[in-house]
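Worksheet for the structure shown next.
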Amino acid sequence: KNSKIKRYITAFTIIIAVLLVLIIWNISYGSVDMKFRDITNALFLRDESTLSKIIWQIRMPRLIAAILLGGALSVSGFLLQSFFQNPIAGPYVLGISSGAKLVVALVMIFLLEKGIMISSLGMVIAAFTGSLLAMAFVLVISFKIKNMSILVVCGIMIGYICSAITDFCVTFASDSNIVNLHNWSMGSFSGISWDNIKVMSMIVVITVTATFFLSKPISAYQLGEAYARNMGVNVQILRILLILLSSLLSACVTAFAGPISFVGIAVPHLVKIIMKTAKPIPGCFLGGAVITLFCDGIARCVFAPTEISISSVTAIFLVPVVLMAMLKKNGK
């Protein structure tokens, strides 16, 4: 037990240390590189200089968004993997992110045509509706088909259909703001405001806290429905909560940053390997924050001032982890 606690504390310390290094890197580098003295001046003096504005209006909101939404995406993936008992279930693979993207795009286009700007909360509600619709499709298929591999394939097909309709709508929409919509639909943290941060932090903190309190019933459920019932878990209510919480987390991510691939699938596996635990919720959140912040830094900095889609970066780094998880499952 002592070695377990030691491992836990060591893993958390390392993850937090890496997160702090990434925060400094993300503040320092980009299309405008900054010296340490510039950063401390901008952070503590908060003057009207250009560097101060870059840090407080562009880099800080983006950095906080990457931490919150990366953590949310990872926890959402863990919940879906627990629900479907499948190591490659995740909001991106099951088409839930694409469903959220489609509804947000349709609502935004409809409102922009009328000259109305959608609020942060409005975007989350639209994304949550899309997430639940996509999840409903996946669940209907899961009741008909018991084979999990076919279920994942069906999720991918739903994702492709939703993405195709979104791309079609974005291409033929007339408003000039659609350029921003196109960048968002590829997955990006650019353009995040402090108003967005308020809404997303409220949703993510409440939802992740609720998930943390469900960690015991989730652990029982992972050992099988019969075992969970014997342990006094109301399986029906737990399943509904897993769907609602995972959909809300992935909806929040999609509403503000667009669809981000593979973080939700790969990070829970990485955290389980590092921490050797079946209850990785706090670790999942921190791991998702670290991976997303790292990938966003690369998306911003490597070809600065040109920015690449964050999904392209996450795919390069995380697909090998997903393949490893699939091979491990196949081996078993």
Side-chain angles (χ1 to χ4, degrees), residues 11-34 36 39 42-43 54-78 90-92 97 183-184 186-194 196-197 200-201 203-205 208 249-250 252-271 274-275 280-304 307-321:
F12 267 111
T13 310
I14 292 166
I15 291 170
I16 290 164
V18 172
L19 187 61
L20 290 171
V21 170
L22 288 171
I23 287 169
I24 295 163
W25 175 53
N26 271 269
I27 291 173
S28 308
Y29 294 100
S31 51
V32 178
D33 292 346
M34 298 184 192
F36 188 72
I39 295 164
L43 286 175
I54 288 170
I55 286 178
W56 283 105
Q57 290 171 25
I58 299 169
R59 290 191 185 170
M60 285 296 276
R62 182 172 185 148
L63 185 147
I64 294 165
I67 290 170
L68 285 172
L69 299 182
L73 201 52
S74 176
V75 173
S76 174
F78 168 71
Y92 191 81
S97 295
N183 293 339
W184 165 83
M186 299 298 288
S188 172
F189 288 106
S190 63
I192 297 272
S193 67
W194 285 107
N196 296 153
I197 296 291
M200 76 174 72
S201 55
I203 293 166
V204 171
V205 167
V208 171
L249 286 169
S250 60
C252 189
V253 176
T254 309
F256 294 112
I260 297 169
S261 59
F262 298 108
V263 173
I265 311 174
V267 175
H269 290 295
L270 284 172
V271 172
I274 292 164
M275 294 189 163
I281 294 165
C284 264
F285 187 85
L286 283 174
V290 165
I291 298 278
T292 309
L293 197 55
F294 170 70
C295 291
D296 187 47
I298 288 175
R300 274 191 320 111
C301 297
V302 173
F303 300 106
E307 190 178 308
I308 53 174
S309 154
I310 187 168
S311 283
S312 307
V313 183
T314 54
I316 290 165
F317 285 103
L318 298 177
V319 163
V321 179

(Q) If you compare all heavy atoms of Arg300 against all heavy atoms of Tyr29, which two are closest, and at what distance to 0.1 Å? (A) NH1-O, 2.9 Å
Q) How far apart are the closest heavy atoms of Ile197 and Ala65, and which atoms are they? A) CD1-N, 3.7 Å
Which side-chain N or O atoms in residues 284-295 pair as donor and acceptor under 3.5 Å with protein atoms at least two apart or in another chain?
| from | atom 1 | to | atom 2 | distance (Å) |
| --- | --- | --- | --- | --- |
| Thr292 | OG1 | Gly288 | O | 2.6 |

**Q.** side chain to side chain contact (heavy atoms under 4.5 Å, CB included) between Leu270 and Val321, worked out
**A.** CA-CA 8 Å; Leu270 284 172; Val321 179; 3.9 Å; yes
Q: For residues Ser97 and Val253, determine if any side-chain heavy atom of one lies less than 4.5 Å from a side-chain heavy atom of the other.
A: no
Q: Over all heavy atoms of both residues, which pair between Pro91 and Gly264 is shortest? Give the atoms and the distance, please.
A: CD-CA, 4.3 Å
Q) Considering only heavy atoms from C-beta outward, does the side chain of Ser309 approach that of Ser188 to under 4.5 Å? A) no
Q. Hey, what do you get for CD1 (Ile55) to OG (Ser28), rounding to the nearest 0.5 Å?
A. 8.0 Å
Q | Those residues that, when tested against Arg62, pass salt bridge (charged side-chain N to carboxylate O under 4.0 Å, His left out) (two or more places apart) | A | Asp296, Glu307
Q | Heavy-atom pair of closest approach, residues Met60 and Ile27 | A | SD-CD1, 3.8 Å
Q: May I ask you to test the Phe78-Val267 pair for a side-chain heavy-atom distance under 4.5 Å?
A: no
Q: Evaluate the side chain to side chain contact (heavy atoms under 4.5 Å, CB included) criterion for residues Tyr92 and Val263: first the C-alpha distance (whole Å), next the side-chain angles of each, then the deciding distance (0.1 Å), finally the verdict.
A: CA-CA 9 Å; Tyr92 191 81; Val263 173; over 6 Å; no
(Q) To the closest 0.5 Å, what do you measure between CD1 (Ile298) and CG (Asn26)? (A) 10.0 Å
Q | Rounded distance [0.5 Å steps], CD1 in Ile274 versus CD1 in Ile14 | A | 8.5 Å
Q. Stepwise, does the side-chain hydrogen bond (donor to acceptor under 3.5 Å, both in side chains) test hold for Ser261 with Thr314?
A. CA-CA 6 Å; Ser261 59; Thr314 54; 3.3 Å; yes
Q | Verdict with supporting geometry, Leu19 and Ile67, side chain to side chain contact (heavy atoms under 4.5 Å, CB included) | A | CA-CA 9 Å; Leu19 187 61; Ile67 290 170; 4.2 Å; yes
Q | Leu68 side, atom CG; Ile192 side, atom CD1 - distance, nearest 0.5 Å | A | 10.0 Å
Q: Taking all non-hydrogen atoms of both residues into account, name the closest pair between Ile265 and Gly90 and its distance.
A: CG1-CA, 4.1 Å
Q: Flag the pair Leu249 / Val208 as yes when at least one side-chain heavy-atom distance between them is below 4.5 Å, and no otherwise.
A: yes
Q: Check whether any side-chain heavy atom of Asn196 sits under 4.5 Å from a side-chain heavy atom of Pro61, and report yes or no.
A: no
Q | More than 12 heavy atoms from other groups under 6.0 Å of CZ on Phe12 | A | yes
Q) Within a strict 4.5 Å, meaning less than it, do heavy atoms of the Ile23 and Leu63 side chains meet? A) yes
